[in-house]
Amino acid sequence: MPLVNDCVFCKILRGEIPNTTIYEDDMVLAFLDIAPYNLGHTVIIPKTHCVSSTELDPEYLCAMIKVAPKIGAAVLRATKAEGFHIVQNNGRAAGQTVPHVHFHVMPRFAGDGVIFSSSGVKYDSPEAMQELASKVRTVLAK
Ligand code: 5GP
Ligand code: ZN
């Protein structure tokens with residue numbers, strides 16, 4: 001899909017908004033996040049507009065996931081971080097605020113205070129867990 005006018009990441013791709021690029025190739029651009037969880041927090045985007053990873057051409061998806069660990073390792077060395085997340089949010093409920101597919105590479109330091117926590121939800125029973133797995137398998141098989 002071509003770039004669109006009202007998308008902030010498309011604007012970055014068109015050079016209309018300044019960004020701090022750390023990596024670029026034919027298919028992806030990676031730059032420092034403007035509101036980082038930690039210093040070195042990087043966003044990787046495809047050079048095409050698409051809202052969700054479920055609709056993105058797999059070639060772009062592959063190009064992004066291929067560079068994500070390399071970028072993570074580089075950010076880790078540059079920042080002396082001790083670990084990193086690779087995160088990709090789809091939909092508002094999942095925390096997606098920019099409707100242009102992207103991966104986050106987020107460096108972590110022990111005791112840095114960044115919190116990703118579970119809601120504590122549990123399956124009612126092992127059967128309920130099996131039932132849900134079966135439902136998902138059915139949808140996947142379609
Ligand atoms: P999301 O919440 O959609 O998964 O992540 C979007 C990310 O893009 C956020 O972490 C946000 O800080 C970052 N972001 C939004 N606008 C800009 C921008 O104009 N420049 C940069 N560098 N990052 C941005
Ligand atoms: Zn876009």
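The model shown is predicted, which means the values in this text are computed figures rather than measured ones. Order of listing sets the numbers, starting from 1, for every ligand and every atom in it.
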Applying a 4.0 Å heavy-atom criterion (strictly less than), which segment of [X] is in contact with ligand 1: side chain, backbone, both, or neither?
X     : value
Ile34 : both
Ile12 : side chain
Val98 : both

So, taking the atom named CD1 in Ile86 and the one named CD1 in Ile44, what distance separates them when rounded to the nearest 0.5 Å? 7.0 Å
Check ligand 1 against [X] and write out every atom of the ligand that is under 4.0 Å from a heavy-atom position of the residue.
X     : answer
Asn89 : 4 (O)
Val8  : 19 (O)
Ala35 : 12 (O)
Thr97 : 1 (P), 2 (O), 3 (O), 5 (O), 6 (C)

Does at least one non-hydrogen atom of Phe9 fall below 4.0 angstrom from an atom of ligand 1?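 Within the 4.0 Å threshold, so yes.
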For a quick test of reading the model, state the closest non-hydrogen atom pair linking [X] to [Y] and the distance between them.
X      : Y     : result
Ala35  : Asp33 : N-OD1, 2.8 Å
His100 : Cys10 : ND1-SG, 3.6 Å
Pro2   : His49 : O-CB, 3.3 Å

Contact check: [X] vs ligand 1, nitrogen or oxygen atoms, below 3.5 angstrom:
X      : answer
Gly95  : yes
Ile17  : no
His104 : yes

Short side-chain to backbone donor-acceptor contact, Thr21 and Tyr23, under 3.5 Å: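 Checked: no pair found.
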Taking Asn19 for the side chain and Phe31 for the main chain, is one N or O donor matched with an acceptor at less than 3.5 Å? no
Nearest non-hydrogen atom to atom 1 (P) of ligand 1 belongs to which of Lys11, His102, His41? His102
Option of least heavy-atom distance to atom 7 (C) of ligand 1 (set: Asp33, Leu32, Thr20): Asp33
Number of protein N/O/S atoms that sit closer than 2.8 Å to the Zn ion (ligand 2):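 Protein heteroatoms (N, O, S) closer than 2.8 Å to the Zn ion (ligand 2) number 4.
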Just wondering, more than 12 heavy atoms not from Tyr37 lying within 6.0 Å of its OH? no
For Glu82, does the CD atom sit with more than 12 other heavy atoms under 6.0 Å from it, leaving out its own atoms? yes
Taking the side chain as everything from C-beta on, heavy atoms only, tell me whether Leu61 gets closer than 4.5 Å to Met64. yes
Compare all side-chain heavy atoms of Gln88 with those of Asn90 and state whether any distance is below 4.5 angstrom. yes
Between His104 and His41: side-chain donor-acceptor atoms closer than 3.5 Å: yes
Is it true that Phe109 and Phe84 have ring centroids separated by less than 6.0 Å? no
